[in-house]
Amino acid sequence: MATVTAPGISTTASTLRRLYFVRFAFAIAWALVMFTTATHLGPLAVTLLVLYPLFDVAAAVVDARSSRATGSPTLLYVNVAVSLLAAVGLAVAGASGIPAVLRVWGAWAVVAGLVQLIVGATRRRMGGQWPMIISGGISVLAGGSFIASASAGDPVLTNAIGYAIPGGIFFLISAIRLGRAASAN
């Protein structure tokens, strides 16, 4: 896909590229640690589950600050609010059990996925956004499956790992594809 060079796009693309590489690394590291504790809902698992949307908050703030030159960051601030609510919700749900956690995680995945899809679509001219659009759509579907799986006979937290790894891979692909836009003059 050809990229359009406009004032601010290469700077925004460069910042997003770095951010997406960090998000990839975080998602993989988080998944590896979560894998060690996902068999039960102990203090480490709850901490990790709360940490994931809090990291999303920090990433959305960085994204919003870097994106002011290329568009409105309003949806990114919506994502900040939604992810903060999810972190609080997950902390509370952690005391109620895995089904409650999956419901909160699923609702967060649906809303955050919609935001990611829309933001990616509005950034198409920058390049490197198709992975974000696809990832947002998958997040919406995955969120629905988390909510549905909460009613299963024996719900498990390992689905959250299966959510983080593909999401991280999509961030990696987008970061690589943003290379051209980031290096444009």
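All values below were derived from every heavy atom in this structure, side-chain atoms included, with hydrogens, water molecules and symmetry-related copies excluded. A quick note: this is a predicted structure, and the numbers were derived from the prediction, not measured.
With S139 contributing its side chain and S135 its backbone, the two residues share no donor-acceptor pair below 3.5 Å. In terms of modelled atom types and a separation under 3.5 Å, the side chain of T122 and the main chain of V119 share a donor-acceptor contact. The main-chain N or O of L48 is found under 3.5 Å from a side-chain atom of W30 such that the two form a donor-acceptor pair. R124 places a side-chain N or O within donor-acceptor distance of the main-chain N or O of A121, the cut-off being under 3.5 Å.
In this structure, Q116 and I133 have side chains that are not in contact, with every pair of non-hydrogen atoms separated by 4.5 Å or more. In this structure, W108 and V82 have side chains that are in contact, with non-hydrogen atoms separated by less than 4.5 Å. Proximity of M34 to L44: side-chain heavy atoms (C-beta onward) are nowhere separated by under 4.5 Å. Side-chain atoms of L90 and V46, non-hydrogen and from C-beta on, never get closer than 4.5 Å to each other. Taking 4.5 Å as the limit, some side-chain heavy atom of L41 sits within range of a side-chain heavy atom of L49. P53 places none of its side-chain heavy atoms less than 4.5 Å from the side chain of V57. Considering only heavy atoms from C-beta on, I138 comes within 4.5 Å of I134 through its side chain.
Cluster annotation: I98 is connected to F35 through the hydrophobic network of ILVMFWY side chains, with a link wherever side-chain heavy atoms come within less than 4.5 Å. Linking ILVMFWY side-chain heavy atoms closer than 4.5 Å, directly or via other members, places V111 and L85 in two distinct hydrophobic clusters. Note on Y20: it clusters hydrophobically with V62, by side-chain heavy-atom contacts below 4.5 Å among ILVMFWY residues. In the hydrophobic cluster analysis, where Ile, Leu, Val, Met, Phe, Trp and Tyr join through side-chain heavy atoms closer than 4.5 angstrom, V110 is grouped apart from W105. L51 is not connected to V88 by any chain of hydrophobic side-chain contacts under 4.5 Å among Ile, Leu, Val, Met, Phe, Trp and Tyr, and they are in different clusters.
With sequence neighbours left out, the ring pair (Phe, Tyr, Trp, His ring centres under 6.0 Å) criterion links F55 to F26. Scored by the side chain to side chain donor-acceptor pair (under 3.5 Å) test, Y52 finds no partners at all (sequence neighbours excluded). Under the side chain to side chain donor-acceptor pair (under 3.5 Å) criterion, N159 pairs with no residue, sequence neighbours left out.
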Exercise. Start with the C-alpha distance between V80 and L76, add both sets of side-chain angles, then the distance that settles side chain to side chain contact (heavy atoms under 4.5 Å, CB included), and finish with yes or no.
Key: CA-CA 6 Å; V80 167; L76 295 167; 5.8 Å; no
Quiz item: Would L157 and T39 count as a side chain to side chain contact (heavy atoms under 4.5 Å, CB included) if you check the C-alpha gap in whole Å, the side-chain angles of each, and the deciding distance to 0.1 Å?
Solution: CA-CA 7 Å; L157 293 174; T39 57; over 6 Å; no
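Residue pairs satisfying the salt bridge (charged side-chain N to carboxylate O under 4.0 Å, His left out) criterion with at least one member in residues 132-157, sequence neighbours excluded, are absent. Residue pairs satisfying the salt bridge (charged side-chain N to carboxylate O under 4.0 Å, His left out) criterion with at least one member in residues 40-60, sequence neighbours excluded, are listed as follows: R23-D56.
Residue I169 holds its CD1 atom at 5.5 Å from CD1 of I28, rounded to the nearest 0.5 Å. Remark: I161 CD1 to T36 OG1 distance equals 8.5 Å, nearest 0.5 Å. Put simply, CG on L54 and CG on L84 are 6.5 Å apart, with the number rounded to the nearest 0.5 Å. Taken from CG in D63 to CG in L19, the straight-line distance is 6.0 Å, to the nearest 0.5 Å.
Counting all heavy atoms, side chain and backbone alike, S66 lies closest to T15 at CB-CG2, 3.4 Å. Heavy atoms only, all atoms of each residue included: I118 and L75 are closest at CG2-CD1, 3.2 Å. Listed here is the closest heavy atom pair of P155 and P99: CG-CG, 3.7 Å. Scanning all heavy atoms of the two residues, the minimum distance from V104 to A93 falls at CG2-CB, 4.0 Å. Closest non-hydrogen pair, P131 versus R177, comes out as CG-CD, 4.1 Å. Minimum interatomic distance between M132 and F170 (heavy atoms only, all atoms of both residues): CE-O, 3.4 Å.
A distance of 6.0 Å or more separates the ring centres of F171 and F24.
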Under 3.5 Å, side-chain donor or acceptor atoms of residues 140-150 against the rest of the protein: list the pairs with distances, not counting sequence neighbours.
from, atom 1, to, atom 2, distance (Å)
S145, OG, A142, O, 2.8
S149, OG, S145, O, 3.2
S149, OG, F146, O, 3.0

